[in-house]
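Input: a single structure, listed below in structure tokens.
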Amino acid sequence: MDHFNYKQGKLFAEQVAVDKIAERVGTPAYIYSKATFLEHLRKIQHAYKTIDTMVCYSIKACGNINILKFMAKAGFGFDIVSGGELYRALQAGADPGKIVYAGVGKTDKEIIEALDAGIAYFNIESEAELENLILLAKQKGKTPKAALRVNPDVDPKTHKYTTTGVKETKFGVDIERAEKVFDQFGKNSAVKLCAIDMHLGSAGHTVEPYVEALNKVLVLVDKLRKKDFTIETLNIGGGYGADYVTAQSPTAEDYAAAIVPLLKGKKLKLILEPGASVAANGAILLTKVLYCKTSGRKNFAIVDAGMNDLIRPPLYNAFHFIWPATVEERFSYIKRTEKLDIKGLEFVDVVGPICEGADFFAKDRALPPVKRGDLLSIFTAGAYSFTMSSNYNARGRAAEVLVDGNKFEVIRKRESYEDLIALEK
Ligand SMILES: *Cc1c(COP(=O)(O)O)cnc(C)c1O
């Protein structure tokens, strides 16, 4: 489900033709659909409605304050991984009681800011971090709640850079060691260690790893409760599949159908931290073809977006469906998939202007014929896309545009040359 569709050969974001946005804002531009984000969040909330669930959207996926604002207004919480994300969330009007804070390297400054804000849970990734939190909480006279992040040693079968829940990653503590951590800290009066947290990693496309991990974690919860430790909440993190390919991933209902029965009657509040499954198909990156050229057997479309705007293809070998913003009617109704079997397509490498071989969006991709000046839409560019963008090659970051029904507005200006040197002495 998303709100980027072709009508009579023209790509629309909700009810706005994207070529109109390009005319006004220029390219490259990130174009977000408000309805897509909110519908994903509401579907998740609805899927888990039979158990007490808090949905904390993971800000690092896509964090423009205007996006966080409408999420906060709709009552959603946030998963943060830095002091900067805490600041963003609070500025967006988030309820601190719905903020959870993960990350293996929280600084004292960041911890104190989160203590002052009164967030819901610190997700604890090591004994050393917990000791430090206890120290700082005492100094500040606060009694925060904490969740121990355990590593259930389950492989979500995703890219090695997005796998976080197996042994020998830097995240959380081994599930075998979790009991020892509770023996030592579970009755601490300064920090209430009263929850278990896990996050398997991103971009898995099956439900099974969650079931496998939950079964392990629920055994731990039982053991801890038998030892008289209070466990009130289970945070099962994020990582739910997003639709980079049409209908590729389980839906929120599919995940809930497997997860909710395991938690029935367990007297555990549930926290979810979805990022990509909410944001990924909530945006496109709109870019313009600068030049076409042939080199050996290869055809290239050189576009005005680069790896500084969207680094996922070279970083994760990620697939992004790419299609012209204006096409012949017969190319209008296609599934977003890697292999398209339609007559009249040409194979091209879609590449950026940056001086790096890694500056590509797609290789040998079947596309309708494109020429200089055409607009291309790089789909599912809502998650880990703008948030990972940089100024490499002294390129200003792209503009961000939010579409809401038949209206659109620029929610982040394109960076200017002046912006590029503004902080330099
Ligand atoms: C990144 C992250 C998430 C979100 O992951 P997605 O794959 O985007 O759903 C959730 N929780 C934690 C702790 C994270 O680091």
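Every number for a ligand or one of its atoms is a count from 1 in the order of the listing.
Atom NZ of Lys216 has more than 12 heavy atoms from other residues, nucleotides or ligands within 6.0 Å.
Not a single N or O atom of Ser277, backbone or side chain, sits closer than 3.5 Å to an N or O atom of ligand 1. Taking only nitrogen or oxygen atoms, main chain and side chain alike, Arg149 does not reach within less than 3.5 Å of ligand 1. Among the atoms of Gly237, none of the N or O lies under 3.5 angstrom from an N or O of ligand 1.
The residues Asp79 and Lys98 are annotated as not salt-bridged, no charged nitrogen and carboxylate oxygen being separated by less than 4.0 angstrom. Using a cutoff of 4.0 Å between basic side-chain nitrogens and carboxylate oxygens, Arg414 and Glu400 are not scored as salt-bridged. The pair Glu85-Lys60 fails the salt-bridge criterion, with no side-chain N (NZ, NE, NH1 or NH2) lying under 4.0 Å from an Asp/Glu carboxylate O. Between Arg177 and Glu127 a salt bridge is recorded (basic side-chain N to carboxylate O distance below 4.0 Å). Between Asp349 and Arg365 there is no salt bridge, since none of the side-chain N atoms of the basic residue sits less than 4.0 Å from a carboxylate O of the acidic one.
Classification of the Phe78-Tyr57 ring pair by plane angle, with boundaries at 30° and 60°, yields perpendicular.
Close approach of ligand 1 to Ala102 is summarised as follows: ligand atoms under 4.0 Å from at least one heavy atom of the residue are 13 (C). Close approach of ligand 1 to Tyr384 is summarised as follows: ligand atoms under 4.0 Å from at least one heavy atom of the residue are 1 (C), 4 (C), 5 (O), 6 (P), 8 (O). Within ligand 1, counting atoms from 1 as listed, the ones closer than 4.0 Å to a heavy atom of Ala276 are 6 (P), 8 (O), 9 (O). Distances below 4.0 Å separate heavy atoms of Ser58 from the following atoms of ligand 1: 1 (C), 2 (C), 3 (C), 4 (C), 10 (C).
Counting heavy atoms closer than 4.0 Å to ligand 1, residue Glu273 contributes atoms from both its backbone and its side chain. Under 4.0 angstrom from ligand 1, the non-hydrogen atoms of Asp79 all belong to its side chain.
Residue contact check for ligand 1: Gly239 places a non-hydrogen atom closer than 4.0 Å to it.
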